[in-house]
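All values below come from the heavy atoms of this structure, side chains included, with hydrogens, waters and symmetry mates left out. By convention in this document, chain letters (A, B, ...) are assigned in the order of the sequence lines, proteins followed by strands, and residues within each chain are numbered from 1.
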Number of protein chains: 2
Amino acid sequence: MDKDKIDKKDHILDVAERVFSDLGFDGASTRMISGEAGVNMAMLNYYFGSKEGLFLAVFERKISSFQTLLQNIGNEGISSWDKLEKCIDNYVDRIIVNNCFQKLINREMSISKHTDLTDKITKILMINVLEFKKIFDEGVKSGSFHKDIDTQLLTATIFGTKNYIINAPHISSLMLGHDIRDEKFLEEKLKPRIKKYMKRLLKAYLMNDNDNTN
Amino acid sequence: MDKDKIDKKDHILDVAERVFSDLGFDGASTRMISGEAGVNMAMLNYYFGSKEGLFLAVFERKISSFQTLLQNIGNEGISSWDKLEKCIDNYVDRIIVNNCFQKLINREMSISKHTDLTDKITKILMINVLEFKKIFDEGVKSGSFHKDIDTQLLTATIFGTKNYIINAPHISSLMLGHDIRDEKFLEEKLKPRIKKYMKRLLKAYLMNDNDNTN
DNA sequence: CAAAATTAATCAAACGATTGATTGAGTTTG
DNA sequence: CAAACTCAATCAATCGTTTGATTAATTTTG
């Protein structure tokens, strides 16, 4: 049946996404993926052609759902700071849900070589990055934010902080005293904590009176 | 000769570091490393015991010099803020020089599987993380920094911001308008800019009067 | 409608290649 | 000469992939 076929392919992709992001492309074996998915090894090649084909399939499935979420907020008729708060809430909510895919993206983006894959990913990630930057620049223009802020490095802080927490689980877990892959902890404790922290950090940098001369 | 032996080991480590950071631990093969280093494959095991031993040797060679550096700063008799500034200067200087090594660390740490390797790396990295955190906590205790700051997430911001700039070269380059792997740009422009930005960000969050209730 | 032909899905088994590691014989060195 | 070093050859294990047989569902045919 068509439906069953799609469901099974989807199930394989779910498992592959997790295993790839846990162990990396080279670290994950087709035997392990097929084993955990409960399908015969040959099915992977039957459906996806090759290990690389499977990897690409994982990417392309997720990538479509990624676009056009922050953009709506940017166009609302509220203050720059309110937009920023909304974007942070939205972004933190979203990345926590997809955190294993985020790891996958990050690993792939750390490769220096310029390929079709990195090109695609870059383009998609830039949408989010530029949306934050737009709000920063707009706030500077309207006088809500300080004039001499570094909006480019500030985006690096937002995305970098998130990546570090998600992407270095061993260190994060040690620092925070919990396994950050524990979903309950993630949802109930970490998520609101990250939101609160990021808002305060941004507010202090963007809006408070401070001596910025040096 | 003792000198020759050390030089040869060092040469192998140089090559291994580059290959590992290009391809990851799993992606790099011992044959490739020994081939590029111009030594027999058995030499790797002879000198370093195993592939993992080689990887650890690469790691420990670089990390040992850095770890003692932050600690010295932490013990100086200066204000918490001055320590922080010194640490940032030092840290930024160092990571820019070793950015290919940083990529290596990042890639390996994003692997979830808990092995002896990740365990060792985690332990070593935690030394730096905890050194920053110690200064934060000390500053809070002495009253120089705000009481209700999130020192744990703040370390994530420091290391995460750095990682993002170094480790996502495609995005960083697009944002900054230069190829961040251009050494001259890195040294003359980016380095001082990151230092200035990080200090201002930290100062605003840690020391400025602000409404932190929410 | 029933028999035959076709197709897609699944499986165990095996493929050649490559992996990290080891061996034992040979060479260099102090 | 003994110890340290170097090497080609080889090890078992694992890798991604392919194969040929089998099953079940679908379509075509008489």
Pairing of B:Asp150 and A:Arg200 as salt bridge, 4.0 angstrom limit: no
Atom CG of B:Asp26 and atom P of D:dG16 are separated, to the nearest Å, by 10 Å
Let me know the distance between CZ of B:Phe55 and C1' of C:dG20, rounded to the nearest Å. 16 Å
Phosphate oxygens OP1/OP2 of D:dT6: is one of them under 4.0 Å from a side-chain N or O of B:Tyr47? yes
According to salt bridge (charged side-chain N to carboxylate O under 4.0 Å, His left out), who are the partners of A:Glu183, at least two apart in sequence or on a separate chain? none
Rounded to the nearest Å, what distance is computed from the NZ atom of residue B:Lys51 to the C1' atom of nucleotide C:dA21? 12 Å
Using salt bridge (charged side-chain N to carboxylate O under 4.0 Å, His left out) as the criterion, list what pairs up with B:Lys189, not counting sequence neighbours. none
Partner set under salt bridge (charged side-chain N to carboxylate O under 4.0 Å, His left out) for B:Glu52, not counting sequence neighbours: none
So which one's nearest nucleotide on DNA chain D is more toward 5', A:Gly49 or A:Gly27? A:Gly27
Run the salt bridge (charged side-chain N to carboxylate O under 4.0 Å, His left out) test on A:Glu85 and A:Lys195 for me, step by step, so that the C-alpha distance in whole Å, both residues' side-chain angles and the decisive distance to 0.1 Å come before the verdict. CA-CA 8 Å; A:Glu85 281 198 318; A:Lys195 288 179 185 175; over 6 Å; no
Taking DNA chain C as the partner, which of residues 13-25 of chain A come within under 4.0 angstrom of it by heavy atom? none
Can you list every side chain to side chain donor-acceptor pair (under 3.5 Å) pair that touches residues 152-169 of chain A, not counting sequence neighbours? A:Tyr91-A:Lys162, A:Gln102-A:Lys162, A:Asn106-A:Asn163, A:Gln152-B:Arg193, A:Thr157-B:Thr161, A:Thr157-B:Tyr197, A:Thr161-B:Thr157
Can B:Phe145 and B:Tyr205 be said to form a ring-ring contact (aromatic ring centres under 6.0 Å, His included), step by step? CA-CA 9 Å; B:Phe145 301 158; B:Tyr205 179 75; 9.7 Å; no
Can a side chain N or O of B:Lys8 be found less than 4.0 Å away from OP1 or OP2 on D:dT6? yes
So how far is it from A:Ile12 CD1 to A:Lys9 NZ, rounded to the nearest 0.5 Å? 9.0 Å
Tested for ring-ring contact (aromatic ring centres under 6.0 Å, His included) against B:Phe55, the lone hit among B:Phe48, B:Phe101, B:Phe20 is B:Phe20
Going 5' to 3' along nucleotides 12-18 of chain C, which nucleotides have protein heavy atoms under 4.0 Å from the base (write B), which only from the sugar-phosphate (write S), and which from neither (write -)? BBB----
Protein-nucleotide distance (B:Phe48, atom CZ; C:dG20, atom P), rounded to Å: 15 Å
Using whole Å, report how far CG of B:Asn45 lies from P of D:dT6. 14 Å
Integer-rounded Å distance: C:dA21 P and B:Glu52 CD: 9 Å
Whole Å only: how far is the CE atom of A:Met43 from the C1' atom of D:dT17? 13 Å
Rounded to the Å, how far apart are B:Tyr46 OH and C:dA25 C1'? 15 Å
